[in-house]
Engineer: 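What follows is a single structure, and I will ask about it in a moment.
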2 protein chains.
Amino acid sequence: MKSDLTISQETQLQPISDIAKLAGIQAQELIPHGENKAKVKFSLLKRLDNAKRGKLVLVTAITPTPLGEGKTVTTIGLSQGMKKVGQKVMACIRQPSMGPVFGVKGGAAGGGYSQVAPMEELNLHLTGDIHAVTAAHNLAAAAIDARMYHEQKQGEGFAAKTGLPYLQIDPAQIVWGRVVDMNDRTLRRVTIGINREGSTANGVERESGFDITAASELMAILALSKDLKDLRARIGRVVLAYSVDGKPVTAEDIGVAGAMAAILRDAAQPTLMQSLEGVPTLVHAGPFANIAHGNSSIIADRMALRLADVVVTEGGFGSDMGFEKACNIKARAAGKTPDAAVVVATLRGLKANSGKYDLRPGQKLPDSIFAPDTEALAAGFANLKWHIENVNRYGVPVVVALNRFPQDTDEELAWLKAKVEVLGASVAVSEAFGKGGDGATELAELVLNALEQPAQFEFLYDAEQPIEAKLTTIAQAGYGGEGIELSAQAQADIEKLEALGYGALPVCMAKSPASISHDPALKGAPSGFTVPVRGLRLCAGAGFVYALTGNVMTMPGLSDRPGYLNIDIDEDGNITGIDE
Amino acid sequence: MKSDLTISQETQLQPISDIAKLAGIQAQELIPHGENKAKVKFSLLKRLDNAKRGKLVLVTAITPTPLGEGKTVTTIGLSQGMKKVGQKVMACIRQPSMGPVFGVKGGAAGGGYSQVAPMEELNLHLTGDIHAVTAAHNLAAAAIDARMYHEQKQGEGFAAKTGLPYLQIDPAQIVWGRVVDMNDRTLRRVTIGINREGSTANGVERESGFDITAASELMAILALSKDLKDLRARIGRVVLAYSVDGKPVTAEDIGVAGAMAAILRDAAQPTLMQSLEGVPTLVHAGPFANIAHGNSSIIADRMALRLADVVVTEGGFGSDMGFEKACNIKARAAGKTPDAAVVVATLRGLKANSGKYDLRPGQKLPDSIFAPDTEALAAGFANLKWHIENVNRYGVPVVVALNRFPQDTDEELAWLKAKVEVLGASVAVSEAFGKGGDGATELAELVLNALEQPAQFEFLYDAEQPIEAKLTTIAQAGYGGEGIELSAQAQADIEKLEALGYGALPVCMAKSPASISHDPALKGAPSGFTVPVRGLRLCAGAGFVYALTGNVMTMPGLSDRPGYLNIDIDEDGNITGIDE
């Protein structure tokens, strides 16, 4: 089969203005960025304020291998299948981070004949939203270090000289690091503000660190804001540091919130693209589901739901990750819960869940994982069963999509399908990768049936509960574990957050995606584990408390053979090797 | 008078497609980014390969105050004046850095009725070029640290395991830092790769630093490349580090040059905008003239010179800065020298050059500098005289533009004009700020006269000379000083660069813009000074050797009342306060 990039570059795309028209977006609501991309203006939401809302389908997955199980392939393939069976459909996906594009693997546009195109534009800058998040985040970081520097230099005279409040930021309690959209392990932990002897010109020395931009609270805010006004207010609430007497210092207090919002103004508008079969697709925000909430934006969903009858979107990683956060964080903020869910499973992914293979991020999967092996499949099946039950727990009708890879045998797929049917679940083999929408019409029909069922959505926890209770509920009901173990730091963090009045926020878990538990070594459907919580961070602007479990890192690294080695341009500027 | 932002927002702009048509750019050569901005494709250069080339006018200035003397106002005003007198004209300017936009002052779009519009789009992301430079630069930084980390971990087995050369990068000789488009003094000097006890997961610990993106060699490459092929080749030549046995390690050696070029592909195309009076303006690249070469791109000039009869561009700061580098670096790479130059002078700027005022970056000018004071003006006049003679030294016909501020009196302007005329120089008062093109028609006529004179261009130095000789020539003939003083580090740097075969590159001086000398305290036309050279850096991709003089910094800081305090958005997304 042809490579993803070849397929994408060979497809004759429609002008984005035609795609917009097809979606029901008017010309004056569109800001074209070349032939293939366009920002959609907020005026669309005003015009369609009273339009009927479509149904929201959320694509999730089993616990994935490091290469993913084809969730974006299925999201785009299902939307193309919906189009084939006559539905007015749109897809909503996240913007890929350049970190993984140049690091682990080449791109996140879907694959085969179910891609968002042009894939090289989606995978690089797109319309600059991630760059804007990086810039706004780092402006706040520069602002807080500069404020502390000038306050320390001028002392109590600062207020009189500048007319600004004297904030007395505690250098040991600056909770806002810097970000870069890159896999750069060397920046995880740094010392900044180092001065030449006898000088203070380089600011106040302290330890700090960089996260990947996808982990920025501003990325979460971009995804969770309803409109520009909400975005501006959320930015103002972001807590950057604490004063020496323990008071939160917000972006509003520093006077930088307005400038941050100005930087993010254009990024607040979703980008319209198209799938290879012309499904209008909104691309917006890019939080990772392990270190952030892992879902594309509420603004994009709001637009798509007014324009289309069916909107297909996805949450990152397995249903313990992006799906859980879509339900407990995003749906709460949006006031819109999913009407149906699709759990993507693959033969290779279930075999990996048998624990028989040692798979590592950044490394090729062994060929042997594609060989028939019903024993491994049966052992890994417990994982799929867990994810089906997990989605049912939220009261969301579920359909299982068996995402077929070219190497998969009919026998194994039939065996797996039968196993799922025994559970009473709706299941289809999806050949979206190899056949595009034609490979996903059966799946589309099953999802339409599921959408006819009344969803009886239930949150996993009540946000008003104490933080420890919410963490315990997520560990038990959300992951199937025994409970949680709080470090002394986590204990102290919880006390502080609750004392400051932030106890009633939902919780965003930073967790390994390689297991339903916190421990990547526990495959299948583990039980009996206790989730260690290392610490908690406040995301007052995003509107959640962020809990660090296990060893999850907020900045990836590059492997010894990173993806960038394959990427180049030719003399005409065509990009090569981005899918390798 | 109305604020710059109000004037910009009140002006009815033409659709960028109409501006393109006016400029002679065909629809298929344009990549629109909304209504007001468009990238111009390289195919234009192929189509117009044999077209007649227009004349290039380079706008420079006296030694400026920290707020600038209105060089961009004059560049845009002159181009509007050229249009008024019937010329087919284009302007080429640099993209403003967000660092100064949020730091010192609000924007770099020109001002009054001589602006590039919309000024808030120009001053923020534009079409993302600076973000692309930041990303490509930081990818190379992550790549080199990751390579060193994996090589150290795997030892000599690295080559066999990965199939990549074993480079043995010396951690003490990594010459590539990181960049951010922000004024962030705290990042000037940092320690990276700090590990928790007993772990090496965060890479190899070492001291490093961040520059502002405008100082990146990649920004210089973007500005100095002739086309995509040249850009790709230059990126490959960039030296990132040296091996333990002293061999240069390039971006090509690391295997990251292709990916860097892919990141910069779209940024290589200039962005078309318009002035308030509809002059087609190409915005491209943004090197600062104090810490880089300070001129917009060769690609933009190439396009504009094929499209227009007169192209007006500018070099940063005074003629000792951007103009010198336009002549000795950019013109050499472009194969096109300036046909005429404009030296911008102001009453306030010359008074500042009397040394009577203590002006500091980031602070308002005192009102007293606008009060009539012929004594200060006469004392500062030596500076203008020096800059006129400096331009003449290169054999470029010169016109002086007295850029009028609203507070200026007719008497002082007349006095100054007469003083310039005594020197035999062509001079006009420009009221481009207050009156747009109508305020610059006299200036335009004088520049057209100058363009009739045969330019007899001469480089200041022969690039083949040894580095020390080039430095000495720049200090003497270029600045009027006695010579140079090399630090031990600079001596060693020169020996190393010449031994490695990089001795025949032109020199890019990093120097204070606040004096013709290296010392910001020396106003007017100083003499008798010796320029201290602290060290030299190789920019093998940009094609120059970079010399650090005095205390010039490659990362600015935020003041105690930075520009971002004034910036915000309203509910409709209109940006406010960016011009304050």
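In what follows, every chain begins at residue 1, and chains take the letters A, B, ... in the order their sequences are listed. Quantities reported herein were computed from a predicted structural model and do not represent experimental measurements.
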Engineer: Quick one: does A/Arg188's side chain have a donor or acceptor within less than 3.5 Å of a partner on B/Ala201's backbone?
Structural biologist: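 Confirmed, A/Arg188 side chain pairs with B/Ala201 backbone.
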
Engineer: Among residues at least two apart in sequence or on other chains, which ones pass salt bridge (charged side-chain N to carboxylate O under 4.0 Å, His left out) with B/Glu156?
Structural biologist: none

Engineer: Counting heavy-atom pairs under 4.5 Å to chain A, which of B/Ala261, B/Gly203, B/Gly255 comes out on top?
Structural biologist: B/Gly255

Engineer: Picking from B/Lys161, B/Arg232, B/Gln154, which has the most non-hydrogen pairs under 4.5 angstrom with chain A?
Structural biologist: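 Most heavy-atom pairs under 4.5 Å with chain A: B/Arg232.
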
Engineer: Using heavy-atom distances under 4.5 Å, tell me whether B/Asn195 contacts chain A through its side chain, its backbone, both, or neither.
Structural biologist: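 Contact with chain A is through the backbone of B/Asn195 alone.
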
Engineer: How long is the gap from CG on B/Asn574 to CG on A/Leu228, to the nearest 0.5 Å?
Structural biologist: 10.0 Å

Engineer: Enumerate the residue pairs fulfilling ring-ring contact (aromatic ring centres under 6.0 Å, His included) with a member in residues 176-203 of chain B, sequence neighbours excluded, ordered by first and then second residue.
Structural biologist: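 Sorted result for residues 176-203 of chain B: B/His137-B/Trp176.
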
Engineer: For the residue pair B/Thr162 and A/Arg561, what are the closest heavy atoms and their distance?
Structural biologist: O-NH1, 2.7 Å

Engineer: Filter on ring-ring contact (aromatic ring centres under 6.0 Å, His included), then keep only pairs touching residues 552-580 of chain A, sequence neighbours left out; what's left?
Structural biologist: none

Engineer: Is it the side chain or the backbone of A/Glu151 that comes within 4.5 Å of chain B heavy atoms, both, or neither?
Structural biologist: neither

Engineer: Identify which part of A/Lys153 has an atom lying under 4.5 Å from any heavy atom of chain B, answering side chain, backbone, both or neither.
Structural biologist: neither

Engineer: Output yes when a side-chain donor or acceptor of B/Arg265 lies under 3.5 Å from a complementary backbone atom of A/Gly573, and no otherwise.
Structural biologist: yes

Engineer: Where on A/Ala268 is there a heavy atom nearer than 4.5 Å to chain B: the side chain, the backbone, both, or neither?
Structural biologist: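 Neither the backbone nor the side chain of A/Ala268 comes within 4.5 Å of chain B.
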
Engineer: Nearest heavy-atom pair of B/Val190 and A/Ile194: which atoms, and what distance?
Structural biologist: C-CD1, 3.7 Å

Engineer: Among B/Ser208, B/Ala135, B/Gly557, which residue forms the greatest number of heavy-atom pairs with chain A at distances under 4.5 Å?
Structural biologist: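 Heavy-atom pair counts peak at B/Ala135.
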
Engineer: What part of A/Ile263 is in contact with chain B, defined as an atom under 4.5 angstrom from a non-hydrogen atom: side chain, backbone, both or neither?
Structural biologist: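 Both parts, backbone and side chain.
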
Engineer: Can you tell which part of A/Arg178 gets under 4.5 Å to a heavy atom of chain B, answering side chain, backbone, both or neither?
Structural biologist: side chain

Engineer: When heavy-atom pairs shorter than 4.5 Å are enumerated against chain B, which of A/Arg147, A/Glu205, A/Met260, A/Arg196 gives the highest number?
Structural biologist: A/Arg196

Engineer: I need the contact set between residues 32-45 of chain B and chain A: heavy-atom distance under 4.5 Å, sorted by residue number.
Structural biologist: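 Within residues 32-45 of chain B, near chain A: B/Pro32, B/His33, B/Gly34.
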
Engineer: For the residue pair A/Ser559 and B/His150, what are the closest heavy atoms and their distance?
Structural biologist: C-NE2, 3.2 Å

Engineer: Ignoring hydrogens, what is the shortest heavy-atom contact between A/Leu164 and B/Asp560? Give both atom names and the distance.
Structural biologist: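 It is CD1-O, 3.5 Å.
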
Engineer: Quick check for you: among B/Met555, B/His131, B/Lys229, B/Glu571, which has the greatest number of heavy-atom pairs under 4.5 Å with chain A?
Structural biologist: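 With the most close heavy-atom pairs to chain A, the winner is B/His131.
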
Engineer: What's the shortest heavy-atom distance between A/Ala262 and B/Leu124, and which atoms?
Structural biologist: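 Nearest heavy atoms, A/Ala262 then B/Leu124: O-CD1, 3.9 Å.
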
Engineer: Of all of B/Thr186, B/Val256, B/Asp568, which one pairs up most often with chain A through heavy atoms under 4.5 Å apart?
Structural biologist: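 So the answer, after comparing B/Thr186, B/Val256, B/Asp568, is B/Thr186.
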
Engineer: Taking side chain as everything from C-beta outward and backbone as N, CA, C, O, which of these in A/Ala257 sits under 4.5 Å from a heavy atom of chain B? Side chain, backbone, both or neither.
Structural biologist: neither

Engineer: Report the C-alpha distance between B/Leu139 and A/Met98 in whole Å, list the side-chain angles of each, state the deciding distance to 0.1 Å, and finish with yes or no for side-chain contact (heavy atoms from CB on, under 4.5 Å).
Structural biologist: CA-CA 9 Å; B/Leu139 174 62; A/Met98 292 212 289; over 6 Å; no

Engineer: When heavy-atom pairs shorter than 4.5 Å are enumerated against chain B, which of A/Asn202, A/Leu558, A/Ile192, A/Ile31 gives the highest number?
Structural biologist: A/Asn202

Engineer: Shorter than 4.5 Å, heavy atoms on both sides: which option in A/Ala141, A/Pro562, A/Ala143 has the most such pairs with chain B?
Structural biologist: A/Ala143

Engineer: State, to 0.1 Å, how close B/Met182 and A/Asn138 come at their nearest heavy-atom pair, and which atoms those are.
Structural biologist: CG-O, 4.0 Å

Engineer: Quick check on A/Ile254 against chain B: is it the side chain, the backbone, both or neither that has a heavy atom closer than 4.5 Å?
Structural biologist: both

Engineer: Please round to the nearest 0.5 Å and tell me the distance separating atom CG of A/Leu264 and atom CD1 of B/Ile569.
Structural biologist: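 Between atom CG of A/Leu264 and atom CD1 of B/Ile569 there are 8.5 Å.
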
Engineer: Can you say whether A/Asn183 sits under 4.5 Å from chain B via the side chain, the backbone, both, or neither, judging by heavy atoms?
Structural biologist: backbone

Engineer: So for A/Val180, is it side chain, backbone, both, or neither that comes closer than 4.5 Å to the heavy atoms of chain B?
Structural biologist: side chain

Engineer: Would you indicate whether A/Asp570, at its atom CG, is surrounded by more than 12 heavy atoms from other residues, nucleotides or ligands within a distance under 6.0 Å?
Structural biologist: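 Yes, the 6.0 Å shell around CG holds more than 12 heavy atoms from other groups.
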
